[in-house]
Amino acid sequence: MPLVPVLARMEQTGVLVDADMLQQQSNELAVKMSDLEAQAHQLAGQPFNLSSPKQIQEILYTKLGLPVLKKTPKGQPSTAESVLQELAVDFPLPRMILDHRSVSKLRSTYTEKLPKQINPVTGRVHTSYHQAVAATGRLSSSDPNLQNIPVRSAEGRRIRQAFIAEPGYTVLAADYSQIELRIMAHLSQDAGLLQAFKDGLDVHKATAAEVFGVPLDQVEEHQRRSAKAINFGLIYGMSAFGLAKQLDIDRGAAQGYINLYFERYPGVKQYMDQTRELAREQGYIETLFGRRLYLPDINAKNGQLRQYAERTAINAPMQGSAADIIKLAMLSVDHWLQAERPPVRMVMQVHDELVFEVENSNLKQATKIIQQKMSDAAQLDVPLIVDVGIGKNWDEAH
DNA sequence: AGGTTAAGCGCG
DNA sequence: AAAGCGCGCTTAACCT
């Protein structure tokens, strides 16, 4: 039995998963894995278990003499993705290891496991949502974790395509647009950021225009990408060093971007300083709705511990407030479901997204009500925009 | 045989 | 010296 009570095992609803489709994908992934193993065997001149760190170290570093770019905390040569990415520029084997890793991850974690998690009585997968695990107030999901179903790669998205609705129903996915940055605008009361959201701008593009000093309609793609990295970095309390690595630029340039950002959005700068200060004084920070996160290390002598606590102090109000808001939205939606009993099931929560199974003839009305209830879950000084997608499966609904 | 840890990676 | 927040799952490697 788990020590933390399972407050929300999805026994009543659950989500439909097409086991045959996953089985088919499993077979295809298995073929790719053995192809890669055979190729690696050739190149290495010996059998090569691509998932064994020991063998990777032996073959890549000892036998082939590839440069050791980074070490693990225990002093072993690192085989982390970022390292292998760099090595892949000059050598073929690292690419194969990376491909093998992503394929085997998809197979072992998803296509092989999910079919076994289907409840024979309901024909659905019923995750457990935990309310008292994540320090920021987010839910977590386990057995199986449905909050990390692949989406970023085409291969991975095929797994999402196996998440379907029963005949006569449609998958409806509703997600908050940029909720953490909107919360940052609200908390910091930065005039520029507030205005950008009130004007309904593409916020990364708007940031790029400000930081790089170009008109909105002349922002280039690489500028938007940099601005996006800056925006995310800010939410996480990232340093110039981290931004430099992320954007593959030198540290001075990264610091320049950050300085420019804070010049253009002085309210954000002030908010960040204030938040650190408040955390130091009271030993905790609060979300918009008063959820506390205690930071015992905020005044630690150990710089590493202290800086970690400072980054948490910056991030937790935004991540935590977003968690508060979607929980309120879930309650609001549930009240509607209980009162009206529409043919609608709330089947998943993925941090800033709610997934529903909606009877086809009710799609229009359900979309409107869900969108409105999520948008109205909190009153901020910027609008809370909710994007809704529908489809035969979860992938299509995005 | 079974448990634990480190590394790695899937997601927001 | 570290350097970006929050999770859960799988594997290899190591341990009892």
Side-chain angles (χ1 to χ4, degrees), chain A residues 2 49-57 70-85 97-98 100-114 117 127-130 132-153 155-157 159-160 175-181 184 229-247 251 254-255 258 285 293 295 302-320 322-323 326 348-354 394 398:
Chain A
N49 177 355
L50 289 167
S51 55
S52 160
K54 224 176 147 183
Q55 278 198 39
I56 294 174
Q57 282 157 16
K70 201 180 131 195
K71 295 193 172 182
T72 66
K74 293 194 95 184
Q76 295 298 306
S78 169
T79 69
E81 172 173 357
S82 60
V83 173
L84 296 183
Q85 288 285 11
I97 296 167
L98 289 171
H100 186 271
R101 264 192 203 157
S102 57
V103 171
S104 73
K105 177 93 180 179
L106 294 182
R107 184 170 135 94
S108 64
T109 309
Y110 305 104
T111 63
E112 285 288 275
K113 293 286 153 52
L114 283 172
Q117 309 257 12
T127 186
S128 294
Y129 287 112
H130 309 273
V133 172
T136 53
R138 276 187 173 183
L139 300 184
S140 82
S141 160
S142 72
D143 310 294
N145 182 357
L146 296 186
Q147 292 177 325
N148 71 345
I149 300 301
V151 71
R152 294 175 190 172
S153 72
E155 195 71 64
R157 275 196 298 278
I159 290 162
R160 265 182 198 231
D175 67 285
Y176 285 108
S177 160
Q178 308 294 354
I179 188 166
E180 293 187 0
L181 279 175
M184 186 164 88
I230 297 171
N231 279 331
F232 272 98
L234 285 167
I235 293 173
Y236 298 148
M238 188 165 60
S239 67
F241 177 91
L243 185 63
K245 223 167 56 176
Q246 172 83 27
L247 293 178
R251 202 150 111 200
Q255 188 61 56
I258 293 175
I285 52 88
L293 179 66
L295 299 160
N302 180 328
Q304 197 181 333
L305 284 179
R306 192 180 58 248
Q307 286 167 17
Y308 183 23
E310 285 176 3
R311 292 195 296 273
T312 306
I314 295 295
N315 175 259
M318 292 178 266
Q319 187 181 129
I326 197 166
M348 288 188 283
Q349 190 257 40
V350 191
H351 308 307
D352 66 352
E353 171 184 10
L354 296 176
W394 192 10
H398 267 271

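All chains are named by letter (A, B, ...) in the order of the sequence lines, taking the proteins before the strands, and each is independently numbered beginning at 1.
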At what distance, to the nearest 0.5 angstrom, does CG of A:L98 lie from OG of A:S82?
9.5 Å
Contact boundaries on DNA chain B for chain A, cut-off under 4.0 Å to non-hydrogen atoms
B:dA6 to B:dG12
Using the test side-chain hydrogen bond (donor to acceptor under 3.5 Å, both in side chains), find all partners of A:S140 that sit at least two apart in sequence or belong to another chain.
none
Kindly write out the residues that satisfy side-chain hydrogen bond (donor to acceptor under 3.5 Å, both in side chains) with A:E81, not counting sequence neighbours, or none if the list is empty.
A:Q85
Residues two or more places apart in sequence or in another chain: which of them pass side-chain hydrogen bond (donor to acceptor under 3.5 Å, both in side chains) with A:Q349?
A:Q147
For A:S102, answer base if it contacts any base atom (sugar-phosphate contacts may also be present), sugar-phosphate if it contacts only those atoms, and nothing otherwise; contact means non-hydrogen atoms under 4.0 Å.
sugar-phosphate
Short of 4.0 Å, heavy atom to strand atom, which residues of residues 77-85 of chain A count as contacting DNA chain C?
none
With P as the reference atom in both, quote the distance from B:dA6 to C:dA3 in angstrom, rounded to an integer.
16 Å
Apply salt bridge (charged side-chain N to carboxylate O under 4.0 Å, His left out) to A:R101 and list each qualifying residue two or more places apart in sequence or on a separate chain.
none
State which of C:dG6, C:dC9, C:dC7 makes the closest approach to the side chain of A:S140.
C:dC7
Rounded to whole Å, how long is the line connecting atom CG of A:N302 with atom P of C:dA1?
14 Å
Counting only N and O atoms by type, is there a donor-acceptor contact under 3.5 Å from the side chain of A:E180 to the main-chain atoms of A:M318?
no
Which part of the nucleic acid, if any, lies within contact of A:Q319, taking any heavy atom under 4.0 Å across all strands shown: a base, the sugar-phosphate backbone alone, or nothing?
base
Name the nucleic acid region contacted by A:R101, choosing base, sugar-phosphate or nothing; use a 4.0 angstrom heavy-atom cut-off, strictly under.
sugar-phosphate
Roughly how far, to the nearest 0.5 Å, is NZ of A:K54 from CG of A:N49?
12.0 Å
Check every strand shown and say whether A:A135 touches a base, only sugar-phosphate, or nothing at a heavy-atom separation below 4.0 Å.
sugar-phosphate
Among A:T312, A:D352, A:T136, which residue satisfies the side chain to side chain donor-acceptor pair (under 3.5 Å) criterion with A:Q319?
A:T136
Phosphate contact (C:dG6 OP1 or OP2) by A:T312 side-chain N/O below 4.0 Å
yes
According to a 3.5 Å limit on both distances, what stems of 3 or more consecutive Watson-Crick or G-U pairs are formed with DNA chain C?
B:1-12 with C:5-16
Pairwise N/O distances under 3.5 Å, protein to nucleotides 11-13 of chain C:
{"from": "C:dA12", "atom 1": "OP1", "to": "A:S51", "atom 2": "OG", "distance (Å)": "3.4"}
{"from": "C:dA13", "atom 1": "OP1", "to": "A:S52", "atom 2": "OG", "distance (Å)": "2.9"}
{"from": "C:dA13", "atom 1": "OP1", "to": "A:K54", "atom 2": "N", "distance (Å)": "3.4"}

Just checking A:R311: base, sugar-phosphate only, or nothing, at a heavy-atom cut-off of under 4.0 Å?
sugar-phosphate
So, does A:Y308 get its side chain near the phosphate of C:dG6, meaning an N or O under 4.0 Å from OP1 or OP2?
yes
Sequence-distant partners of A:A323, side-chain contact (heavy atoms from CB on, under 4.5 Å), two or more places apart:
A:R138
Report the distance from atom CD1 of A:I326 to atom C1' of C:dG6, rounded to the nearest whole Å.
14 Å
Nucleotide C:dG8, atom P - distance to CG of A:N148 in whole Å:
10 Å
What integer distance in Å separates A:K70:NZ from C:dA1:C1'?
14 Å
Starting at CD1 of A:I149, measure out to OG1 of A:T109 and round the result to the nearest 0.5 Å.
9.5 Å
For A:Q307 and A:N315, find the nucleotide of DNA chain C closest to each by heavy atoms; which residue's nucleotide sits nearer the 5' end?
A:Q307
With sequence neighbours left out, the residues meeting side-chain hydrogen bond (donor to acceptor under 3.5 Å, both in side chains) with A:D175 are none
To the nearest Å, how far apart are A:R251 CZ and C:dA2 C1'?
10 Å
Could you pull out all residues at least two apart from A:E155 that satisfy salt bridge (charged side-chain N to carboxylate O under 4.0 Å, His left out)?
A:K32, A:R158
Keeping A:R311 on the side-chain end and A:M238 on the backbone end, is there a donor-acceptor pair under 3.5 Å?
no
Atom-pair distance (CG on A:N145; C1' on C:dT10), nearest Å:
13 Å
Rounded distance in Å - OH (A:Y129) to C1' (C:dC7)
13 Å
With nearest nucleotides of DNA chain C determined for A:Y110 and A:A240 from heavy-atom distances, which residue corresponds to the more 5′ nucleotide?
A:A240
From CD1 of A:I159 over to C1' of C:dC9, roughly how many Å is that when rounded to an integer?
13 Å
When you measure from the side chain of A:T127 to the backbone N and O of A:P144, does any donor-acceptor pair fall under 3.5 Å?
yes
Under the salt bridge (charged side-chain N to carboxylate O under 4.0 Å, His left out) test, which residues partner A:E353, sequence neighbours left out?
none
